[in-house]
There are 2 protein chains.
Amino acid sequence: MPHFPFQRLQADLAKLIASLPAGARLPSEPDLAKQLGVSRATLREAMRMFEAQGLLRRRQGAGTFIVGQLPVMESGLEVLESIQTLARRLNLDVSMGNVSVEKLPAGADAAEALDLAVGSPLLRVSRVMSADSRPVAYLVDILPADVLQPEELSGQFEGSVLDYLLHRGDPLTVSRADITASNATADVAKMLEIQRGDVLLQLTAKLFTASGRVVDYSFSYFIPGYFKFHVVRKVGRA
Amino acid sequence: MPHFPFQRLQADLAKLIASLPAGARLPSEPDLAKQLGVSRATLREAMRMFEAQGLLRRRQGAGTFIVGQLPVMESGLEVLESIQTLARRLNLDVSMGNVSVEKLPAGADAAEALDLAVGSPLLRVSRVMSADSRPVAYLVDILPADVLQPEELSGQFEGSVLDYLLHRGDPLTVSRADITASNATADVAKMLEIQRGDVLLQLTAKLFTASGRVVDYSFSYFIPGYFKFHVVRKVGRA
DNA sequence: CAGTGGTCTAGACCACACG
DNA sequence: GTGTGGTCTAGACCACTGA
């Protein structure tokens, strides 16, 4: 008898998942736990990793489902392009939801990033991007109020602040992005329909104009498994 | 009475952590749980996020400790350089441990990545990099056996396969890295002295020579909070 | 050895989905 | 309403640290 239910459990789960067709529903957690001989807590812990890879989808009140071939969005990081542009290139169906546009005064972080005084008026745009009706990214853009007005987004906004600014003719040049991995906070988890604490790939970026002004400070949260970011690195010589 | 112990708990923990000096030990988990009015399981869950940020360090058998100013390694991704080179530039003390060098035949993945036949002889080099005696990265390099022999690493190896190949004069040009976020598997967690399931930033890379041959296929796992990777992105024009 | 964090269990209650 | 996943509890046992 193993002291290590967890390793066995992961292997068992992997087999179970592989044996089921896409869209199938797993047995309920209490049933499956009994069937696999572990407690529900342990089962849930083991499921987390499969969920992060995008192989499982849990929906409260409905059940846990097998996810088939996920629509992977692969992109290089050398060039900044919107998810919409990327999706168009890959011929994927992407939609926007949970849009929120609000004015707010600058906090310490945003003020420093945008090189403004604390309390300066800002516009905060947040939304969830979905592929095949599955939330895959949560995007938050923060801009100085003089750069973007709420009314401007009422008509043509399709989810990308970048595309909007480009279409308007802003002289954008580069973006500087910090890349990290994080756990989903409760609010982000809710938006992305994942569990609090699940792993996310996070980009924090500043968007610069030709004159060097920062016009957009953004946070982007991506569910791993749906995105593949890559970068080509030159070898540094000594 | 909150329905949501978790949010309160995170705030309480943040205060507690901020109020303690670096190096201090927290009360034991059972004690702290009682003190904060939650179960031990909930407390541990809440601690995970602080641990991922590098603010806490748990050591089995010893206790949970406050981590002061962590040695953050910041690096751009445009240029490939070893952690050793990076640390030297930042004047940080980095050391290597848990070195393992072994020969093994190519599996399907490695064979494809290195453009070899399945079963071809390979060399696998793995090690843990530590900063200030704290494990911060786990690195695995896989190379064709004809590129690198085990004996070559016995003397001069200081932790970087890249630096070794460069010093030897190999005509390396670029590396292509995939960036993702993942949960620590049991073995990686043990190496990095974190918990299974904790969040990691993961780079999977191929290293190319001038002739286009792949000479190194590598997996790198970084604890977020100790690393800040950034990239400058050019704005794509429509 | 005593005390710590690491793991797992069994059971409870809640919020939500769907018929 | 019924059944699902989401959260939390209380307690047990193990592996490890350090005096």
Side-chain angles (χ1 to χ4, degrees), chain A residues 1-10 12-13 24-51 56-67 133 135 183-198, chain B residues 1-10 12-13 23-51 56-67 133 183-198:
Chain A
M1 285 312 283
H3 227 148
F4 310 105
F6 193 81
Q7 296 190 23
R8 249 189 47 101
L9 181 57
Q10 282 202 321
D12 291 348
L13 264 181
R25 205 188 76 181
L26 266 59
S28 76
E29 295 188 354
D31 288 356
L32 192 53
K34 199 160 294 181
Q35 183 181 321
L36 296 174
V38 297
S39 74
R40 198 180 151 209
T42 305
L43 172 64
R44 284 176 58 79
E45 176 77 5
M47 282 177 151
R48 289 181 84 153
M49 213 166 295
F50 293 95
E51 203 191 357
L56 287 182
R57 164 102 185 260
R58 286 143 103 167
R59 285 171 47 214
Q60 180 172 158
T64 301
F65 301 85
I66 306 280
V67 176
S133 310
N183 296 104
T185 57
D187 52 327
V188 174
K190 185 155 198 175
M191 291 290 193
L192 290 175
E193 297 175 19
I194 58 178
Q195 288 177 260
R196 151 167 58 73
D198 278 2
Chain B
M1 286 312 286
H3 231 146
F4 309 105
F6 194 81
Q7 296 191 21
R8 248 189 50 101
L9 181 57
Q10 282 203 321
D12 290 348
L13 264 181
R25 207 188 75 181
L26 266 60
S28 76
E29 293 187 355
D31 288 356
L32 192 52
K34 198 160 296 182
Q35 183 180 321
L36 296 175
V38 298
S39 74
R40 199 180 148 208
T42 304
L43 172 64
R44 284 176 59 78
E45 175 76 5
M47 281 178 153
R48 288 180 85 155
M49 212 166 295
F50 293 96
E51 204 190 358
L56 288 182
R57 166 101 185 262
R58 284 142 103 167
R59 286 170 49 214
Q60 179 173 160
T64 301
F65 301 85
I66 305 280
V67 176
S133 310
N183 295 103
T185 58
D187 52 327
V188 173
K190 186 157 196 174
M191 290 289 193
L192 291 175
E193 298 174 17
I194 58 177
Q195 286 177 260
R196 152 169 57 73
D198 279 1

- Nearest whole angstrom, please: distance from the C1' of D/dG5 to the CD of A/Glu51. 10 Å
- Task: Identify the two heavy atoms, one from A/Phe65 and one from A/Arg25, that lie closest to each other, and give their separation to 0.1 Å.
- Result: CE2-CG, 3.4 Å
- Query: Quick one: B/Ile194 CD1 to C/dT7 C1', roughly how many Å, whole number?
  - Reply: 16 Å
- Message: With a 4.0 Å limit, can you tell me whether A/Thr64 has a side-chain N or O closer than that to the phosphate oxygens OP1/OP2 of D/dG5?
- Response: yes
- Taking all non-hydrogen atoms of both residues, which atom of B/Gly197 and which atom of B/Asn183 are closest, and how far apart? O-ND2, 2.8 Å
- Query: For B/Gly37, which contact category applies under a 4.0 Å heavy-atom criterion: base, sugar-phosphate, or nothing?
  - Reply: sugar-phosphate
- Of B/Asp31 and A/Gly61, the one whose closest DNA chain C nucleotide lies more 5': B/Asp31
- Query: Atom CD of B/Glu193 and atom P of C/dT4: how far apart are they, to the nearest Å?
  - Reply: 20 Å
- Message: With a 4.0 Å cutoff (strictly under), does any side-chain N or O of A/Thr42 reach OP1 or OP2 of C/dT7?
- Response: no
- Message: Can you identify which nucleotide, out of C/dC18, C/dG5, D/dG18, has its nearest atom closest to the A/Ala62 side chain?
- Response: C/dC18
- Compare side-chain N and O positions of A/Arg59 against OP1 and OP2 of C/dC18 and report whether any pair is under 4.0 Å apart. yes
- Message: Whole angstroms only, please: what is the CG-P distance between A/Leu56 and D/dG5?
- Response: 11 Å
- Query: Given D/dG6, C/dA17, C/dC8, which nucleotide is nearest the side-chain atoms of A/Phe6?
  - Reply: C/dC8
- Query: Which heavy-atom pair separates A/Ser133 from A/Arg57 by the least distance, and what is that distance?
  - Reply: O-NH1, 4.3 Å
- Take atom CG of B/Leu43 and atom C1' of C/dG6, then tell me their distance rounded to the nearest Å. 13 Å
- A/Arg196 side chain, from C-beta outward: closest of C/dG6, C/dA15, D/dT7: D/dT7
- Taking atom C1' of D/dT4 as reference, at what distance in whole Å does atom CG of A/Leu26 sit? 13 Å
- Item | Rounded distance in Å - CZ (A/Arg40) to P (C/dA10) | 14 Å
- Query: Going by heavy atoms in the side chains, are B/Leu32 and B/Gln35 under 4.5 Å from each other?
  - Reply: yes
- A/Arg58 atom CZ is separated from C/dA15 atom C1', nearest whole Å, by 15 Å
- Which of D/dC16, D/dT4, C/dT7 is nearest the side chain of B/Gln60? It is D/dC16
- Grab the two heavy atoms, one from A/Leu36 and one from A/Arg8, that are nearest each other, plus how far apart they are. O-NH2, 4.4 Å
